[in-house]
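By convention here, the first residue in the shown sequence is residue 1.
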Amino acid sequence: MDMSRSLDTGKGRAQAETSGAPLAAAFASVAGWSFDLFDLFLLLYVAGPVGKQIFPSHSPTLSLAAVFASFAVSIVMRPAGAAFFGELADRKGRKAIMVTVLAGVGLATAAMGLVPTYAAIGVASPVIFLLLRVVQGLFVGGVTATTHTLGTESVAPRWRGLMSGLIGGGGAGLGAALASVAFIAVNHFFPGPAFDDTGWRVMFFTGLLGAVLSLFVLMKVEESPLWEEQQEAAKQNPAVVDPKRVRFSDLVAGRYRKILLINIAVAAGAGAQYYLTSGFLPTLLGSVVKMPTGSRGEVLLIASLVVVISATGAGELSERIGRRKTMLWIGGANLVLLPVLTWILGKSSPSDTGPILLYSCLLAFFANAAYAPVMIFLNERYPTVLRSRGTAVSWNTGFMLGGLLPTFVNLFSPTLMDVPSRLVLFIIGSIIVFLIAVGVSPETRGNIDRKTVVSELGASGADTSGAERRHNGPPAAGVSTAKRGER
């Protein structure tokens, strides 16, 4: 690639940074991620009514397990959605696929509120509900392939760690906060039995906000500058890989296979810490502690806001001291803190609102700090031509494994009072996996600005390169690229 072309590329990127493009991309990425978690928390809030209306059973524990099984069905489908939409995002661009997946998530979520009850149509009721969870899971897999990748590729290098925490954890906190607000509002208009009868449907209808967000992305968000640079570089220099030539097999074969497996383990350990703590918190406080609805909603709302502080702080810390060190420090602390806090919460009296609020906020703070640097870590482990599918498949497969654990917690709990002890055991095991996976991983900070040359993947897409580079898997390409900013 000639020098004038490289300078033009750098100038275009600098102009993009001084415009509102990075801010629009950051807002859309955080909001898009929030609606992913918004949907998940909706199901957690309506687990009781959905269990009674869609999955009735003689045992409350089995009914609750069935609801979490429907949650697991959606999570199981995420890697497939990540692979499909991630490949499209790498080939066609991040923006167009982001519009599609956000609209799909919103419409699928709202459709769940229209499912007739088991009493009305029998076994067809849970079947329809599960089919909608499958469809939604596919679209949610695509959310990861676009939101975080577009966000981190659109901001200057100095802010990528903070952006990782803001999207991954801040988006999660925002989604949980929105779900809490929706829960409080709907409970106000549909109190007591009315919520079990109709209110839970209204909760699902609020998912239409995701479809509204897709319109904002379509009109205001620009394409990722890094993806556009890879496209332009491929046109100018035959040594640079054209994203359209890269196949899914390039991710799962050769050198990338080892990287993918380790990244899945990192994401699984981080995801389990979330799902067994913050993700399980609405059920723990509602079904186990039996906290009153109003107080529970307020506690969950405040705890979800703490997540934003925790995740952005951990993300920024990873920009200062490195991704690997940050994850190891937080994981080590969580090995002690999360089991203790979970046990204390599980044994709390429903009237102890103050202590429950304190313990819930501490639990949310440390659990969500663990995965805040994971997304940028995954972004930096893959080159631009593989980044959407690599990040999305790693994250969604790992979080699929972590997201299945609450179902097993319920199945291995003979009674609701046995849930806290099972949670503690699963949390300890998950953190150990997380620490081992992070421990064998390299430091990745600063490895996102590189292009992929043909020798890395081979002309037909097959991996033909040499040994893994110490700091980030594939070797850096021998093609110059303008940096976005100074550290």
Side-chain angles (χ1 to χ4, degrees), residues 40-53 57-68 71 173 176-177 179-197 199-200 203 274-307 337-368 405-407 409-427:
L40 299 184
F41 267 86
L42 282 184
L43 188 61
L44 294 172
Y45 277 125
V46 301
V50 169
K52 296 173 185 176
Q53 302 273 9
S57 171
H58 65 280
S59 169
T61 302
L62 288 178
S63 183
L64 193 62
V67 176
F68 275 102
F71 171 72
S180 296
V181 170
F183 179 65
I184 293 171
V186 172
N187 245 299
H188 175 76
F189 292 104
F190 299 90
F195 183 84
D196 290 351
D197 183 58
W200 67 273
M203 290 284 288
Y274 168 77
Y275 283 117
L276 293 171
T277 55
S278 289
F280 203 91
L281 193 57
T283 302
L284 181 67
L285 297 183
S287 299
V288 178
V289 180
K290 300 188 183 304
M291 195 175 187
T293 301
S295 300
R296 174 162 46 107
E298 293 170 358
V299 167
L300 294 171
L301 174 59
I302 296 173
S304 63
L305 295 177
V306 169
V307 171
L337 294 174
L338 297 190
V340 171
L341 290 169
T342 299
W343 180 262
I344 293 174
L345 275 172
K347 300 302 179 182
S348 298
S349 168
S351 60
D352 292 338
T353 305
I356 289 176
L357 175 61
L358 173 62
Y359 299 139
S360 296
C361 288
L362 289 173
L363 188 74
F365 183 92
F366 289 103
N368 289 273
L405 296 187
T407 301
V409 167
N410 282 293
L411 290 176
F412 290 142
S413 301
T415 67
L416 291 174
M417 297 311 297
D418 295 308
V419 168
S421 62
R422 272 53 173 185
L423 274 175
V424 166
L425 294 176
F426 275 95
I427 288 171

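Checked by atom type and distance alone, the side chain of S421 pairs as donor or acceptor with a backbone atom of D418 at under 3.5 Å. Judged by distance alone, with hydrogens and angles left aside, the side-chain atoms of D197 form no donor-acceptor pair with the main-chain N or O of P193 at under 3.5 Å. Side-chain atoms of S278 do not come within 3.5 Å of backbone N or O of Y274 as any donor-acceptor pair. A donor-acceptor distance shorter than 3.5 angstrom exists from the side chain of K290 to the backbone of S287, with no hydrogens or angles considered.
Of the residues listed (W200, F183, F190), the one engaging F195 in a ring-ring contact (aromatic ring centres under 6.0 Å, His included) is F183, and it is the only one.
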Given side chain to side chain contact (heavy atoms under 4.5 Å, CB included), test I427 with T277 step by step and report yes or no. CA-CA 8 Å; I427 288 171; T277 55; 4.0 Å; yes

Derivation of the side chain to side chain contact (heavy atoms under 4.5 Å, CB included) call for T342 and F280: CA-CA 10 Å; T342 299; F280 203 91; over 6 Å; no

Report the C-alpha separation of L345 and S360 in whole Å, then their side-chain angles, then the decisive distance to 0.1 Å, and conclude whether the side chain to side chain contact (heavy atoms under 4.5 Å, CB included) test is met. CA-CA 8 Å; L345 275 172; S360 296; 3.7 Å; yes

Working for side chain to side chain contact (heavy atoms under 4.5 Å, CB included), residues L423 and L284: CA-CA 10 Å; L423 274 175; L284 181 67; 4.1 Å; yes

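Interatomic distance, CG of L276 versus CG of L363, reported as 10.0 Å (0.5 Å rounding). In this structure, CG on L301 lies 10.5 Å from CG on L357, to the nearest 0.5 angstrom. Taken from CG in L358 to CG in D352, the straight-line distance is 12.0 Å, to the nearest 0.5 Å.
For the residue pair C361 and I302, the shortest heavy atom distance occurs at SG-CG2, 3.8 Å. For M291 against R296, the heavy-atom pair with the smallest separation is O-NE, 3.7 Å. For the pair L42 and M203, the tightest heavy-atom approach, listed with the atom from each and the gap, is CD1-O, 3.2 Å. Of all heavy-atom pairs spanning V186 and G199, the tightest one is CG1-O, 3.4 Å. In terms of heavy-atom proximity, N368 sits nearest to A364 at ND2-O, 2.7 Å. When all heavy atoms of I184 and E298 are compared, the closest pair comes out as CD1-N, 4.5 Å.
No side-chain donor-acceptor contact under 3.5 Å links S413 and N410.
Counting heavy atoms from C-beta outward, S180 and Y45 have side chains that approach closer than 4.5 Å. In this structure the side chain of L405 never reaches within 4.5 angstrom of the side chain of Y275, judged on heavy atoms. Using a 4.5 Å cut-off on side-chain heavy atoms (C-beta onward), L337 and L362 make no contact.
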